[in-house]
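Scroll down for the structure; my scribbles are underneath it.
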Amino acid sequence: MREVRVRFAPSPTGALHIGGVRTALYNYLLARKHNGTMILRIEDTDQSRYVPGAEEYIIKSLEWAGIQIDEGVGKGGSHAPYRQSERKEIYKQYAQKLVDEGNAYYAFDTEAELELMRERLKAQGDPNQQYSSNSRLQMKNSLTLSEAETQQKLNAGEPHVIRFKVPVNQEIYLTDLIRGEVVVNSSQVDDKVLMKSDGMPTYHLANVVDDYLMKISHVIRGEEWLPSAPLHVLLYQSLGWQNEMPQFAHLPLLLKPDGNGKLSKRDADKMGFPIFPLNWKDPATNELAVGYKEVGYLPEALINFLAFLGWNPGTEKEIFSLQELIDEFTIERIGKAGAKFDIHKAQWYNQHYLRSKNNSELASYLLEDLKKENIFCSQEKAEKIAHCLRERVSFPQELRLQSNFFFFAPTQFDEQVILKKWNADAAKLLLAYSTEIKAAKNLNAELAKIILDNTASQLGLKAGQILQVLRMILTGQGSGPDLMLSIEILGSEETTKRINYALQTITIK
RNA sequence: GGUCCCAUCGUCUAGGGGUUAGGACACCAGAUUUUCAUUCUGGUAACACGGGUUCGAUUCCCGUUGGGACUACCA
């Protein structure tokens, strides 16, 4: 097997889509598995779609996800530059070579003329109105113009493109690692523009040239590229690189959760889940799209989830660290069918990975959030809170959300709960309990429970009678973490204070 | 419209000529929990359809249907 060199090659037209993260991940897994090289190439040949900040965003996103780049933009390497806009001269050379050898030609057609061509072909009943072997001879290009005319136009600086001269009626064979053999007749391929009139190459030329020059061994990309793969094969052949052609693997698409179609930002917004790894503020609209990171997804959870969208190891194991994914990954086990994106599964992974953290790690999430609100909390207390909340959270932020009553005493109580259980006996027990708790030394959950049971039996009552009320009084909530543990964290002073407040506030009916 | 790709529970998927078609998420029920959550146990639920090939097809082949991608001087 030749040295594995793969690339992730996004264009900086906005934030990195979650599907792009998966593509990057699969590339990365293959590279690491074979001690190969992961390259980041920025495909910024469309100046009109360039979005400032997108490149940095892509790099940061990959970094957060744990996908490491060995070579490329922001990293350097022996095949630099890795930004296509900086490789203009290189593409020009190869385009020239194609023209010189008769595999490409200059075309001077205007947009209006192209439109006219399509209409004409349509009227003729041509099923696909393409600029190709059956129309190129009717157009204004170096195939129809004399050499002198062409040269004259070129010298005059007339706007022009370079088009690929696709061979007539030729079967193009392409082996895809995921889909097997694909055959397409060249008559279905149009004379694609290789060099645009602004002097920039199109994706097709730049991609092939760069993959060749950067010695890419495997092209792993989304299925949306499958239709143009035959064109790329033809390009490799015309450039004489058929023996160095990379292997192709076209990944199944990520589909929207309901209905059908490619997963889009719109769908994600509608269903209420992120589509981008990190927060992204659209510089054009100033609109903020919340990222997976900010919503509280752990990178290891997202990665595990993403890896299983279209790939699986064939065993029943579903929890995989990045390293385990690297060890197990094979292209052969990537599926062919598109995968609907189910955020529930991602949540489940997140919950799993969050729980695998120890109390001190969980505490630091809580502490961080508290700090933003200027709420003081000791490390010890935070860890205790983490301990009693750890089975109840799927996202780090929930630690703060669910622990509010530890920091703020409730001022209002749900009447429904109070009314149901409140009576003279309950009040009596509560008062007695409050007194005992106040006197207790080294109060902990166990002791709080013993005191409650003892107090109740001394009064000939049952602890169960007031538990619900006690919870409401102490936390302001009808449900929550273990009450005795909560009392331990609250401490004897705060606990008695809250009980007494309730006794004063709630009037017995 | 044309070209190409795809098709197992609601979802992600395993499997493969003869299986009680397996797992996970979700959902439902029961148990545990003084609550809720967790946890445990159990349950509902799938081979799109029609033809072949075959002793036998969900699996192989063809077709149909359905879905998707592409069809720009965007990637």
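Throughout, protein chains are lettered first and strands after them, A, B, ... in sequence-line order, and every chain is numbered starting at 1.
- The number of heavy-atom neighbours closer than 6.0 Å to NE2 of His387(A), taken from other residues, nucleotides and ligands shown, is 12 or below.
- Taking atom P on both U20(B) and G1(B), the two are 44 Å apart, rounded to the nearest angstrom.
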Expected rows: protein N/O vs nucleotides 3-8 of chain B N/O, under 3.5 Å:
residue	atom	partner	partner atom	Å
U3(B)	O4'	Gln188(A)	OE1	3.4
C5(B)	O2'	Arg179(A)	NH1	2.6
C5(B)	O2'	Glu223(A)	OE2	2.9

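- The pairing partner recorded for C60(B) is G52(B), the criterion being a Watson-Crick or G-U wobble arrangement whose two distances lie under 3.5 angstrom.
- No contact: Gly335(A) has no heavy atom under 4.0 Å from any strand.
- Between A7(B) and U58(B), the distance separating the two C1' atoms is 12 Å to the nearest Å.
- With hydrogens and angles ignored, the 3.5 Å screen pairs no side-chain donor or acceptor of Arg41(A) with any backbone N or O of Ala9(A).
- Rounded to a whole angstrom, the distance from the C1' atom of A24(B) to that of U64(B) is 33 Å.
- Contact check, Lys262(A) against C70(B): a side-chain N or O comes under 4.0 Å of OP1 or OP2.
- Look at OH on Tyr349(A): it is 17 Å from P on U11(B), rounded to the nearest Å.
- A distance of about 15 Å separates the P atoms of U44(B) and A29(B), rounded to the whole Å.
- Relative to the six-membered ring of Tyr105(A), Arg136(A) misses at least one condition, a distance below 6.0 Å or an angle of at most 45° to the axis.
- Counting any heavy atom pair closer than 4.0 Å across all strands shown, Ser11(A) reaches sugar-phosphate atoms only and no base atom.
- When the P atom is compared between U33(B) and C49(B), the two are found 47 Å apart, to the nearest whole Å.
- For the atom pair CG of Leu251(A) and CG of Leu25(A), the computed distance is 10.0 Å after rounding to the nearest 0.5 Å.
- Across all strands shown, the partner of A31(B) is U39(B), judged by Watson-Crick or G-U wobble contacts whose two distances both fall under 3.5 Å.
- The C1' atoms of U59(B) and U8(B) are separated by 11 Å, rounded to the nearest whole Å.
- Contact annotation for Gly480(A): base contact, defined as any heavy-atom pair under 4.0 Å involving a base atom.
- Formation of a donor-acceptor pair under 3.5 Å by the His17(A) side chain with backbone atoms of Gly19(A) is found in this model.
- More than 12 heavy atoms of other shown residues, nucleotides or ligands fall within 6.0 angstrom of atom CD in Gln124(A).
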All N/O pairs under 3.5 Å across the protein-nucleotides 25-27 of chain B interface:
residue	atom	partner	partner atom	Å
C25(B)	OP1	Trp348(A)	NE1	3.3

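- Using a 4.0 Å heavy-atom distance criterion, Asp190(A) is classed as making no nucleic acid contact.
- Within 4.0 Å of Asp453(A), counting heavy atoms only, lies no atom of the nucleic acid at all.
- Nucleotide C25(B) forms a Watson-Crick or G-U wobble pair with G10(B), both donor-acceptor distances falling under 3.5 Å.
- Look at Lys196(A) and you'll find a side-chain N or O under 4.0 angstrom from OP1 or OP2 of C74(B).
- Checking the phosphate oxygens (OP1, OP2) of U11(B), no side-chain nitrogen or oxygen of Lys256(A) falls inside 4.0 Å.
- Toward the 5' end of RNA chain B, the nearer of the two residues Phe308(A) and His160(A), judged by each one's closest nucleotide, is Phe308(A).
- For the pair Ile466(A) CD1 and U34(B) P, the computed distance is 15 Å after rounding to whole Å.
- Between A75(B), U35(B), U34(B), one nucleotide has an atom nearer to the side chain of Arg49(A) than all others, and that is A75(B).
- A close approach under 4.0 Å does occur between a side-chain nitrogen or oxygen of Thr45(A) and OP1 or OP2 of A75(B).
- Not one N or O on the side chain of Thr175(A) forms a donor-acceptor pair closer than 3.5 Å with the backbone of Gly180(A).
- Between Arg390(A) and the phosphate of U39(B), there is no side-chain N or O to OP1/OP2 separation shorter than 4.0 Å.
- Across A26(B) and A45(B), the matching C1' atoms stand 11 Å from one another, rounded to whole Å.
- Counting non-hydrogen atoms under 4.0 angstrom, Val161(A) reaches a base of the nucleic acid.
- Distance from the side chain of Ser479(A) is smallest to U35(B) among G15(B), U35(B), C12(B).
- Atoms CG (Asn312(A)) and C1' (G15(B)) sit 11 Å apart, rounded to a whole Å.
- The nearest heavy atom of RNA chain B to Asp44(A) and to Glu316(A) marks one nucleotide each, and the one closer to the 5' end goes with Glu316(A).
- Base-pair partner of U3(B): A69(B) (Watson-Crick or G-U wobble, both distances under 3.5 Å).
- Comparing the P positions of C5(B) and G63(B) gives a spacing of 12 Å, expressed to the nearest Å.
- If you measure from atom CZ of Phe320(A) to atom P of C12(B), you get 19 Å, rounded to the nearest angstrom.
- The interatomic distance linking Asp46(A) (CG) with A72(B) (P) rounds to 15 Å, in whole Å.
- Residue pairs meeting the salt bridge (charged side-chain N to carboxylate O under 4.0 Å, His left out) criterion with at least one partner in residues 171-188 of chain A, sequence neighbours excluded, are Arg179(A)-Glu223(A).
- Annotation: Trp311(A) is not in aromatic contact with Tyr26(A) [ring centroid separation under 6.0 Å not met].
- Using a 4.0 Å heavy-atom distance criterion, Pro481(A) is classed as a base contact.
- Straight-line distance from the CG atom of Asp211(A) to the C1' atom of A75(B): 14 Å, rounded to whole Å.
- At the phosphate of U38(B), neither OP1 nor OP2 sits under 4.0 Å from any side-chain N or O atom of Arg355(A).
- Using a 4.0 Å heavy-atom criterion, one finds that Arg221(A) contacts no nucleic acid atom at all.
- Atom CD1 of Ile162(A) is separated from atom CG of Asp191(A) by 13.0 Å, given to the nearest 0.5 angstrom.
- Residue contacts for Lys122(A): at a heavy-atom cut-off of 4.0 Å it reaches no nucleic acid atom on any strand shown.
- At whole-Å resolution of the value, NZ in Lys449(A) and P in U33(B) are 11 Å apart.
- Rounding to whole angstrom units, CE of residue Met195(A) and C1' of C73(B) are separated by 11 Å.
- Within a 6.0 Å sphere centred on CD of Glu361(A), heavy atoms belonging to other residues, nucleotides or ligands number more than 12.
- The backbone N or O of Arg266(A) sits nowhere less than 3.5 Å from a side-chain atom of Lys256(A) that would complete a donor-acceptor pair.
- Separation of atoms CD (Glu300(A)) and CD1 (Ile319(A)) is listed at 11.0 Å; rounding is to 0.5 Å.
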